[in-house]
Every structure is written in C-alpha cells, then in structure tokens.
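Proteins come first, then strands; the chains are lettered A, B, ... in the order of their sequence lines, and each starts at number 1. Fair warning: this is a prediction, and the values are worked out from it, not measured in the lab.
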Amino acid sequence: MSILQELKERILFCDGGMGSLLQAAGLKAGELPGTWNICRPEVVVQIHKEYLDAGADIVTANTFGVDRLKYHEASEYKLDAVIAAAIKNAREAVAQSGKKAWVALDLGPTGKLLKPLGDLGFEEAVALYKEVIQIGVREGADLILIETMSDSYETKAAVLAAKESCSLPIFVTVTFDERGKLLTGGTPASIVAMLEGLGVDVLGINCGLGPAQMKEILKEMLAVSSTPIMVNSNAGLPRSKQGQTVYDIDADQFAEIMEKMAVMGVRIVGGCCGTTPEHISKVASRCRHLTPVPVTAKKRTVISSFAQAVEIGKSPVIIGERINPTGKSRFKQALREHNLEYILQEGVTQQDHGAHVLDVNVGLPEIDEAAMLEEVVKELQSVIDLPLQLDTADSAAMERAMRIYNGKPLINSVNGKEESMKAIFPLVKKYGGVAVALCLDEHGIPETAQGRIEIAEKIYQNAAEYGIGPENILIDALCLTVSSDSKGAVTTLETLRRVRDELGGKTILGVSNISFGLPKREIINGAFFTMAMQNGLSAAIINPNSEAMMNAYYSFRALMDLDPQCGDYIGAYGGQGAAAGTGNGAGAGQGAALSLAVSIEKGLREQAAAAVTEQLKDRNPLEIINSQMIPALDRVGKGFEKGTLFLPQLLMSAEAAKAAFEIIKVRMDESGVKQEKKGTVILATVKGDIHDIGKNIVKVLLENYGYQVLDLGKDVPPEQIAETAVKQQVKLVGLSALMTTTVPSMEETIRLLRASAPWAKVMVGGAVLTQDYADSMGADRYCRDAMASVNYAEEVFG
Amino acid sequence: MEAGTWSWNDREILRYLGCKTADTPETVRTLIEECKTELEQSAAPKAVWREFPLTVQGQEIDMGCLKTSSRHLSRNLRDCDRILLFGATLGAGVDILLGRYEKLQLSKAVVLQASAVAMLETYCDETIKQLKEEYLAEGAYLRPRFSPGYGDFSLECQRMIVPALDLNRRIGVTLTDALLMLPSKSVTAAVGISQVPADCRVEGCEVCGKRDCLYRR
C-alpha cells in the first residue's frame with residue numbers, strides 16, 4: 001500500500017531528532033551531519049533502527065541540509081555519495097527492523113536567503129533542490145519531505161523542484177516563531193494557501209517551537225487546510241543549562257500534548273530537535289489506537305502573498321486596477337523607462353486607500369511583456385504585502401509571473417474558449433492560483449444571463465478535468481457599457497445572482513466598464529457597484545482611489561452586517577471633519593515662491609508639490625527650477641557640508657524637490673519642452689555587496705541636480721559596469737561598497753573600466769572606504785558622502 | 001513585538017545619523033518616532049549562544065570549532081578558559097521594512113537603518129547582561145563581546161561560527177559568499193569567560209583601526 005493510501009486508514013508516525021543524537025554520538029559543532037552517512041554509517045543506521053522500533057512509519061534519511069552549497073567540487077565527500085549512503089542507511093535500518101516503513105528524502109533550507117532579501121536567485125534555489133531530489137529518487141526514496149522551511153519563497157522553490165523531478169508524494173512542514181509567523185512574515189493561512197495551490201500531499205509544522213506553543217498555530221491550520229496535516233515538534237522550548245541545551249518538558253509531557261494534537265486532527269505525528277526514540281515510542285503508544293479525524297475539503301476561495309491570505313466570498317474584496325497602462329501616458333512612459341518606483345507608488349497608494357489585492361497589467365505593444373511582468377511582480381512583492389492579480393493575455397508571460405510569484409495569485413484571465421482553457425488550466429494546476437473566468441467563448445459574449453451561466457458551467461467542468469475545483473474559479477459576469485446597451489447592467493446583475501444562487505460560485509467584475517461614454521462616470525459606477533455587491537459580487541476590480549467607489553464599499557459592508565459595530569466605516573470617515581482643508585499657505589505670486597523654496601529646505605513633500613502646482617499656473621517650468629529649486633537645494637547641500645544639516649534632512653529636502661520635479665516633468669511633457677540633462681552617470685554597488693542604500697542616496701541627489709543616472713543596482717559584476725560605460729559612452733561612474741570583503745571587486749571593476757573605458761572618471765564611496773583605499777585602487781575621487789559625489793559630478797561635467 | 005514595549009536609546013540613533021542631540025529638527029524627530037513604532041512591529045529579536053573550551057597561546061586562539069589568530073581578540077580573552085559564541089538577529093521582517101522604504105522614502109530608510117542598529121545593540125547588550133549575571137552566580141566573569149571584523153578578528157571566522165551555532169536553523173541567519181550576514185541586522189560575537197574579574201574598558205568601536213569613521217564613538 002502506498003503511504004498516501006495508508007494515511008487514509010490510520011495515524012502515521014514520523015521519526016524524531018537526528019542532529020541532536022548525532023551530536024551525542026560525537027558530531028562536532030559545525031561539522032556537517034551528512035558526512036556521517038559515509039564515515040559513521042553504523043551510528044546513523046542505529047538511530048533509524050531505534051526510531052523504527054519505537055514505532056516510526058517514516059524514517060527521514062540523514063540528508064537535511066545536504067546540497068551542492070555544502071558538498072561542492074572541492075569537498076572531501078561528493079554530493080551523490082552522501083545522498084546515496086543516506087538512503088542506503090535508512091533502507092538498511094528498515095530491513096533490520098523487519099517493518100513496513102517509508103524512507104523520506106529530507107530537504108531543508110539552503111542556508112541562503114533568496115533574492116531580493118538575500119543573494120540566492122529563485123531559479124538557482126530550484127536547481128539546488130532538483131539536484132538533490134534527482135539523486136534521492138534514483139537511490140530509491142519513497143517520498144520527499146521538505147521541512148524546517150521558514151520562508152515561503154524558498155519553500156515554493158523546493159516544491160517546484162520536487163514536482164518537476166518526480167511523482168513521489170511531497171510532504172512539506174514549515175517553522176513558525178512564537179508570534180505564529182514564518183521568519184519572512186507568512187501566516188498559517190498564507191502558507192496553507194500557497195502549498196495547497198501547489199498541490200502538496202501533506203503539509204504541516206516542525207521545529208522552532210515545542211508542542212505546547214504549536215497548538216494555536218495548528219488550530220489555525222486545521223481550520224483552513226483540506227490537506228492532511230503533519231506535526232514534528234521540538235522536544236519543548238530550549239534553554240541553556242551550563243552550556244548545554246535542555247528542554248522545558250519531558251517525553252511524557254511531550255507525548256501527552258502530541259496526543260491532543262492528533263485528537264484535534266493531525267494525521268502524522270513525530271518529533272524534531274531534542275526528541276529521541278523514547279519520545280516517539282510514547283507518542284506512538286498514546287496515539288496508535290486513536291480514530292483519525294477525517295480530512296475535509298474546506299472549499300475556500302483564497303489567494304495569498306508572502307505575508308497574508310485573502311479569502312474571497314465572505315466580504316467583498318477590492319482589487320486595485322491602477323497598475324495598468326491603458327489610457328495613461330505617464331504610466332506608459334514609466335514602463336518604457338523601467339521606472340519601477342512610479343509603479344510601486346501606484347501600488348502603495350491603492351493599498352493606503354483600501355485595496356486588498358492589486359491587479360498587475362504591464363502590456364504595451366513595444367515592450368517584452370513577459371520580462372516586464374516578471375520584473376514588476378518581483379518588485380511589487382518585495383515592497384507590498386498584498387496578493388497580486390496577474391493580468392496578461394500572453395500565456396508565456398503568465399507562466400513566468402506565476403512561477404516567480406511568492407504565494408498563490410489571482411490569474412486574469414481564462415475564458416470559455418478551448419484554446420484559453422488549454423493554455424491556463426495546466427498552469428493553475430502546476431503553480432496554484434485562482435483563475436478569473438470570463439463568460440465568453442468562441443461565439444463571443446452571450447447577450448443573456450442564461451448564455452453566460454452556460455459558459456460558466458462549461459468552464460467549471462473543464463477545470464474539473466484538470467483537477468481544479470470550483471473554489472479556484474472566479475466567474476467574471478462581464479459588463480457591457482450601459483450607454484450602448486441599455487440591458488447591459490441588468491444582464492450582468494442577473495448573471496452575478498445566478499452564479500451565487502444556482503451554481504454556488506464566486507464572482508468578479510471590472511465594475512467601471514459600465515459607464516463608458518457617460519458624463520460623471522463615478523455616479524453610475526458607485527450605484528452599479530452597490531447593486532453588484534447586493535447581487536453577490538465577491539471581488540471588484542475598481543479604482544480604490546475613487547471616493548465614490550469606496551463610499552459604496554464601506555456603506556454596503558456597514559449595512560449588510562459585514563462590518564462589526566461599523567468599525568471600518570467609522571475608521572474611514574470618522575475623523576474627516578477636523579482634518580479637511582489643511583492648506584499650506586501656497587498662495588499666488590511671491591508668497592508661493594517663498595513657499596516652494598522653504599518647503600524644499602524644510603523637506604516637506606506635499607507642500608512642495610502643492611506650491612509648485614500653484615506656481616506652474618503662471619510661471620515657466622525652467623524658471624521655477626533655476627530660480628527657486630536649485631538655489632534651495634544648494635542651500636541645503638551647503639548646510640550639510642558645514643554640518644548644520646544632517647543626512648535625514650538632506651534626504652527629506654531631496655524628496656521634496658523630487659516630488660516637485662515630478663509635477664514639473666508632467667507639465668513639460670505635456671507642452672513638449674525637454675529639460676536638457678547635464679550628463680549621464682553610472683551608479684552601481686559592486687559584486688558581492690547587496691547593500692545599496694548609500695548608492696541610492698547619491699542617486700536621488702544627482703537626479704535632483706539634473707543628471708541622468710543609470711542605476712545598475714546591487715551585486716553588479718564588473719563586466720556589466722564596463723560594458724555599460726562603453727556602450728553609452730559614460731563619462732562618470734560611481735561605485736559603492738559596504739564590506740571589506742567586496743573591496744576587491746571594486747578594485748577589479750576599476751581595472752576593467754581603465755582598460756575598456758579609459759575616458760570614464762571613477763568616484764568611489766561606502767562605509768569601509770577611506771582616501772588611502774581609494775588611492776590604492778586608483779579611483780579618481782573618494783567621496784565621503786553624497787554631496788561630495790554631486791560636487792565631483794559638477795566638476796566632471798561642469 | 002508590541003508597539004511601545006522597547007526601551008530605545010535615542011542618543012545612539014542620533015549618533016548613527018550624525019545628528020547632534022541639541023539641534024535635531026522636529027521633522028527628523030517625527031521620523032524617528034515613526035521608525036521606532038514600525039520597527040517594534042516588524043522586529044523579532046532572537047539570540048543563541050553556546051559555550052566552547054578555549055586555549056589561547058600568544059595570538060593563537062583555539063575554541064574547538066574554530067582556530068584563528070588575532071592580536072586584538074587574544075588580548076580581549078586574557079585569563080579566559082572558556083568562550084561563549086553568540087549570535088543575534090532582529091529577523092527578516094526588518095529587512096523587508098528597510099527594503100520597502102529604500103524604494104519609497106529614502107530619508108525614512110536612513111533613519112530606520114540607524115534605529116535598527118541601535119535596537120540590535122541594545123538587544124545584544126541586554127541579552128549578554130543577563131548571561132553575565134548567570135555566570136556571575138557560578139563565579140565566572142564575562143568579557144566584553146567581540147565580533148568578527150573588529151580589529152584583526154577575521155571575518156573569515158564567520159564561516160565556522162555560523163554553522164557552529166546552527167544559526168540558520170535556530171534563528172534564520174544566513175551568510176553570503178562575501179561573508180555578509182542576512183538578515184542584515186544580525187550579529188555574531190565571541191565572549192570570553194574567565195575566573196578572574198577584569199577591568200576591560202576597551203570595547204567594540206574603540207579597537208577598530210578606521211579612525212576617520214563617521215560613526216566612531
């Protein structure tokens with residue numbers, strides 16, 4: 001019988017700690033446990049055997065943390081050999097025990113943080129795991145156990161590696177801290193959403209905590225999981241006693257709590273750090289005769305980001321529609337210029353206005369949409385903790401985005417056409433997601449609700465053939481503009497209602513389509529939105545920055561008993577009377593001129609923006625820049641150099657100026673005036689270094705002073721910097737390094753620049769640098785702070 | 001961590017920012033207060049430590065899991081017969097917060113950096129103060145903590161210290177190829193244990209050779 005079959009029949013037992021027992025047998029601190037598979041196999045076999053005798057059904061091969069990073073070309077022991085020996089030892093123990101038991105290939109974290117938090121690329125992580133899994137499968141592992149994972153992104157990399165390498169059952173357990181969160185912020189609900197989307201066979205919790213601390217987290221998991229749950233707890237909470245680690249509970253107490261968890265619904269119980277065969281034996285004897293709690297399908301429609309899950313179907317969900325270039329020239333320009341900051345700001349503003357999910361559409365005819373979508377999704381998910389709705393008609397772009405997405409996304413969209421379903425459903429099956437399903441097919445959009453319902457049914461059926469349940473489909477009832485089809489709204493509303501009442505499904509709608517061609521569109525949009533929610537709309541794609549739409553949303557929830565004590569309504573509107581109308585004295589003429597300069601000097605962003613808007617009414621943009629903004633920036637810069645102003649103030653002023661420049665730029669684009677750039681500067685944090693705050697400070701100042709900055713980012717190879725300098729004939733290159741260990745790569749970059757771009761001047765800066773260091777590397781200028789770089793640029797280009 | 005529960009050292013924050021206490025403008029003070037609140041919500045401070053045997057001969061230091069040569073550290077370890085290796089972090093949540101503001105509001109990112117460093121320092125000081133008391137109870141004295149990268153205590157030692165403390169598994173700390181610890185607000189240190197009390201005034205910052213450092217105390 002397969003392990004999944006057996007799991008349906010009874011509670012299974014996993015083994016306990018390996019590392020702590022190896023240490024007791026003499027493994028030294030810092031020594032790789034995997035090596036003992038080869039040099040001390042008898043010890044490893046004996047530990048497995050004791051666990052099997054204690055009642056374990058699953059033995060985890062001693063492969064935790066074994067990968068190419070630890071067993072590389074220069075290592076004494078080879079990766080293949082270590083894994084092969086580990087599986088063989090486990091098999092040997094099973095044979096000796098005479099029991100039926102399963103051998104798990106044990107995978108843990110790589111020991112690296114994934115980008116952008118760390119230096120390991122997502123696909124590199126997938127490749128590291130794949131290599132281990134392929135060897136493990138070849139050597140005869142029965143299942144893949146991915147455990148002690150504390151970052152959802154690395155977890156996804158490991159699961160994908162397993163799915164792409166074998167068809168063995170995949171078990172995944174993650175580690176929470178005492179706040180009930182993963183190290184990178186995930187919650188039980190968010191990780192369950194992602195893992196179920198990926199289709200793992202068993203999921204659960206291990207390590208980090210003792211069983212007592214795990215119970216609350218387990219409760220949350222059981223409430224949302226439709227997948228069997230496994231718990232491998234530590235022997236308790238550790239503390240140091242005379243330099244040794246001891247735990248706060250004994251094996252009997254451990255077993256008692258584990259039994260309670262089995263009664264709650266855990267289907268596989270075992271141990272982690274500090275547990276011994278005694279723990280497992282006591283757990284097994286307490287739990288062996290329990291009737292397992294059946295695993296039920298929760299049928300929740302849920303999506304997730306790295307940090308949170310959003311359930312669709314209870315209270316209406318707001319999906320922000322603003323990250324989309326359609327009809328927005330500034331947005332199009334931002335895309336062409338890779339101005340991700342602009343796009344991020346659109347996301348943050350929508351979140352601040354109450355969006356629960358962000359739609360991401362970056363389709364423009366002249367750009368590589370797949371590459372752009374990947375870039376934007378990576379950027380958004382590193383800054384904003386809302387789940388994303390991936391919005392593209394290009395299935396290759398969709399796959400790339402779904403692959404690197406850190407969670408379970410909304411997928412916009414599939415429709416009733418054969419071709420569409422054939423392209424999208426396999427992706428949903430592989431990567432997980434909730435698909436937006438448009439009620440249209442080869443024959444177009446049906447005019448009647450009945451026609452749309454029939455397409456919805458067809459889509460559900462087709463999805464089911466791929467193993468995708470109706471809970472992972474959101475039916476888009478579609479709305480046609482009411483000014484050209486007077487029945488448009490009625491048909492849509494009827495479709496919404498029937499999907500809810502007859503099909504028991506969830507719905508979604510791009511609400512503002514309804515009002516195309518009409519004046520005062522917000523009036524119709526707001527009314528239609530309320531009607532749609534009343535007819536069962538589960539998720540609305542709207543502009544959350546629109547007051548009319550959010551008014552409808554908050555009112556609906558308050559009226560429909562979805563907002564306890566009207567808390568959110570009061571939160572949104574309660575304090576408004578007092579806060580309204582705070583001016584900043586941005587009058588006309590000389591008063592406003594003073595105000596702009598003062599706003600910049602004081603670092604007041606909003607006031608600077610308001611003042612410049614006022615001035616643009618009757619002044620020429622270039623005059624404003626030259627007579628007011630630049631002098632203000634100069635005064636701030638001088639103050640910083642003299643030590644009367646400090647870095648935070650310098651930056652706040654720079655940000656205020658930037659906000660004003662942004663407004664001026666829009667005006668100049670409209671009128672076709674171009675501001676000449678003073679020159680182009682490359683900025684980069686050198687290879688190996690991943691701190692780039694210093695470089696970013698220099699960037700914002702240089703931009704304010706009218707330079708075009710080619711920001712190559714952090715951890716940049718010398719070759720890339722030299723190539724860019726040659727290709728764009730750049731006269732000034734700024735390099736930053738924070739660590740002594742990365743100074744050599746700065747040196748290497750300078751050497752390469754001298755050889756291939758001898759015309760380029762090089763300025764260097766960063767925490768560890770000194771004048772002497774800079775001289776010895778042959779840099780043209782050592783800049784001890786950001787203003788020094790501006791001064792040097794003025795020298796070079798001036 | 002709950003907001004308002006951390007005891008902050010404002011002087012240290014201002015020192016890292018290069019601000020003089022007396023003339024810090026209101027705008028910066030407001031920013032500092034915002035950063036404190038957000039850090040308290042994002043930080044998940046954790047620490048681990050483990051004791052190792054120690055022999056020091058001249059500059060040669062042997063702690064079992066790690067052999068190294070360092071004039072500065074050996075001076076710090078005079079009369080010590082054991083050593084505590086120590087690791088601490090504020091967690092990845094702080095890096096996520098820093099990354100967010102580096103992209104959205106640099107001025108705040110700079111203040112967050114300073115506040116986070118101050119927070120980590122306080123956390124390490126407090127944790128080691130407790131350890132000091134525990135050791136004192138058994139008649140032993142802890143020397144000031146000394147981190148790889150201080151003076152001539154080689155950063156290379158991180159390659160041994162991080163696995164010896166099992167930092168990745170226990171508190172989520174990783175090491176890049178360039179020997180940078182991530183999450184970025186993380187610290188490792190060696191703390192000598194001695195039977196002899198010592199008045200050892202020289203601590204971290206002062207032993208460093210970079211005398212023109214902006215942040216030197």
Proximal component of [X], with respect to chain B [non-hydrogen, under 4.5 Å]:
{"X": "A:Glu31", "result": "neither"}
{"X": "A:Ile384", "result": "both"}
{"X": "A:Ser653", "result": "neither"}
{"X": "A:Asp151", "result": "neither"}
{"X": "A:Met739", "result": "side chain"}
{"X": "A:Thr184", "result": "both"}
{"X": "A:Lys658", "result": "neither"}

Between [X] and [Y], is there a donor-acceptor pair closer than 3.5 Å when you use the side chain of the first and the backbone of the second?
{"X": "A:Thr741", "Y": "B:Leu179", "result": "no"}
{"X": "A:Glu341", "Y": "B:Leu104", "result": "no"}
{"X": "A:Lys112", "Y": "B:Leu175", "result": "yes"}
{"X": "A:Gln649", "Y": "B:Val28", "result": "no"}

* What distance separates A:Cys207 SG from B:Arg170 CZ, expressed to the nearest 0.5 Å? ->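 The distance works out to 9.0 Å.
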Any side-chain heavy atom of [X] within less than 4.5 Å of one from [Y]?
{"X": "B:Glu102", "Y": "A:Ile697", "result": "no"}
{"X": "A:Ile690", "Y": "B:Leu182", "result": "yes"}
{"X": "A:Pro109", "Y": "B:Asn168", "result": "yes"}

* **Worked verdict on B:Lys103 versus A:Glu379 for side-chain contact (heavy atoms from CB on, under 4.5 Å)** => CA-CA 10 Å; B:Lys103 286 173 182 145; A:Glu379 194 76 1; 3.0 Å; yes
* Smallest separation among heavy atoms of A:Phe306 and B:Ile96, with atom names -> CE1-CD1, 3.8 Å
